[in-house]
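Accompanying notes for the structure given below.
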Amino acid sequence: MMFNTAVVGTILLNIAGKILKSIICGQAPLNNKIVGGQDASAGSWPWQVSIQSVNFGGHFCGGSLINKDWVLSAAHCFQSSPMGTIEIYLGLQSQSGSNTYEEVEHRTASQFINHPNYNNPSDDNDIALLQLSSSVTISDYIRPVCLAATGSVFAAGTESWVTGWGMLQDGGTQIPDILQEVMIPIVSNSDCDNAYGGGITSNMICAGLLNQGGKDSCQGDSGGPLVSRNGSRWIQSGIVSFGVGCADPKYPGVYARVSRYQDWINKYMGSNQPGFNSIGFRSSPNLLLFSISLTFSIIPFICSLFREIV
């Protein structure tokens, strides 16, 4: 049987690239946090993005870096702000600019893409992509988060973290200077739908302290990431979307469910796709080691193929 070595080489390179991306994303070397509700230390959440505009007096929404060229955020953030006014800051801990240890980078958006089925006022499909004006430099303070792959399951009670510069209380007028972090559990969609009296779709995921309150995302956190730890990696399950008040015990926060949008996200990434990871069923350590071994054995083989072709 005859094989086109160039085609085989391309296929193997794509496989190797996807394996390596799933390994690289979601690493936060400077994060050693266990509980939340406090200022975040420098570098704890290196994918956190501050989206700013002069139209809103500075920071107005959050986002997450998903590869060196793209940011994930919420569609409702970009209904009234012209693209030319949007500025994106990465590596920030403090909004005041006194970021001693961080390697802060600043970009504009060359384009932003709202989901075509975003529905206002229901906030279904509340997801958007922003392409950075130029690639960022990956460091301990700036690096991409992993995204929950299609079919991922986050059971009720799963510990999750939400981060951002949103208001510290409902109806507040001043955003905090330091990035905030809080740990909240996942709430089942059925309990969340009951709390809201309907309207919670399969494109949404909920988190909060139902019947207790006190911890939640708030105005200004929109578009930011909801993440859970899986081994040594952080996986983004949700995007801050909406809620009733902030930390209201009757209403958990509602987030766009990232795992529902893998195909839509990849459509715009081309070959520069982010790292997607499946949650709810885990690959065995032996399979992961096999994938890594396969990757590094493939690369020399591909090189030998290309030498033969040349």
| request: Give the intermediate values and the outcome of side chain to side chain contact (heavy atoms under 4.5 Å, CB included) for residues Ile265 and Trp70. | output: CA-CA 10 Å; Ile265 292 169; Trp70 289 86; over 6 Å; no
| message | Is it the case that the side chain of Ser73 and the backbone of Gly63 share a donor-acceptor pair, with hydrogens and angles ignored and the cut-off at 3.5 Å? | response | no
| said: Tell me whether Gln111 at atom CD has more than 12 heavy atoms from other residues, nucleotides or ligands lying less than 6.0 Å away. | reply: yes
| Does Ser188 use its side chain to pair, donor to acceptor, with the backbone of Asp191 at less than 3.5 Å? | yes
| query | Say you draw a straight line from CG of Leu90 to CD1 of Ile51; how long is it, rounded to the nearest 0.5 Å? | reply | 9.5 Å
| task | For Leu132 and Leu65, run side chain to side chain contact (heavy atoms under 4.5 Å, CB included): C-alpha distance rounded to whole Å, both residues' side-chain angles, the deciding distance at 0.1 Å, then the answer. | result | CA-CA 10 Å; Leu132 302 176; Leu65 185 70; 4.1 Å; yes
| said: I'd like to know if the side chain of Gln79 and the backbone of Cys77 have a donor-acceptor N/O pair within less than 3.5 Å. | reply: no
| Would Val71 and Ile138 show up in the same hydrophobic cluster when neighbours are defined by side-chain heavy atoms closer than 4.5 Å? | yes
| task | Give a yes or no on whether the backbone of Ser135 and the side-chain of Arg107 come within a donor-acceptor separation of less than 3.5 Å. | result | yes
| Just by distance, do the side chain of Asp126 and the backbone of His76 share a donor-acceptor pair under 3.5 Å? | yes
| field | Residues Asp124 and Thr201: side-chain donor-acceptor under 3.5 angstrom | value | yes
| Donor-acceptor pair between Thr158 and Ser160 side chains, under 3.5 angstrom | no
| request: May I ask you to test the Ser217-Tyr255 pair for a side-chain heavy-atom distance under 4.5 Å? | output: yes
| Just by modelled atom types, is the Pro144 backbone N or O under 3.5 Å from a matching donor or acceptor in the Ser64 side chain? | no
| So, does Asn266 use its side chain to make a donor-acceptor pair with the main chain of Asp263 at under 3.5 Å? | no
| query | Do the ring planes of Phe242 and Tyr196 sit parallel (below 30°), tilted (30 to 60°) or perpendicular (above 60°)? | reply | perpendicular
| remark: Rounding to 0.5 Å, atoms CG (Leu147) and CD (Gln273) come to a distance of 11.0 Å
| request: Kindly determine whether Asp69 and Asn272 satisfy side-chain hydrogen bond (donor to acceptor under 3.5 Å, both in side chains), including the steps that lead there. | output: CA-CA 8 Å; Asp69 297 299; Asn272 188 24; 2.9 Å; yes
| task | With side chain to side chain contact (heavy atoms under 4.5 Å, CB included) as the test, would you mind laying out the steps for Trp264 and Ile113 before giving the verdict? | result | CA-CA 11 Å; Trp264 181 77; Ile113 304 164; 3.9 Å; yes
| field | Ring geometry between His115 and Tyr261 (parallel below 30°, tilted from 30 to 60°, perpendicular above 60°) | value | perpendicular
| request: Check the side chains of Arg257 and Ser202 for a donor-acceptor pair under 3.5 angstrom, ignoring hydrogens and angles. | output: no
| request: Say whether, by atom type as modelled, one donor and one acceptor occur between the side chain of Ser228 and the main chain of Glu159 under 3.5 angstrom. | output: yes
| request: Kindly work out whether a path of hydrophobic side-chain contacts (I/L/V/M/F/W/Y, heavy atoms less than 4.5 Å apart) joins Ile239 to Ile200. | output: no
| field | Interatomic spacing from CD in Glu181 to CH2 in Trp45 - rounded to 0.5 Å | value | 5.5 Å
| field | Any donor-acceptor N/O pair, Gln180 side chain to Gly166 backbone, under 3.5 Å | value | no
| message | Please say yes or no: joined through hydrophobic side-chain contacts below 4.5 Å, possibly via intermediate residues, are Val227 and Ile66 part of one cluster? | response | yes
| request: Say whether Phe60 and Ile178 are linked into one hydrophobic cluster, either directly or through other cluster members, by side-chain heavy-atom distances under 4.5 angstrom. | output: no
| said: Looking at Asp193 and Gly199, would you say the former's side chain and the latter's main chain have a donor-acceptor pair under 3.5 Å? | reply: yes
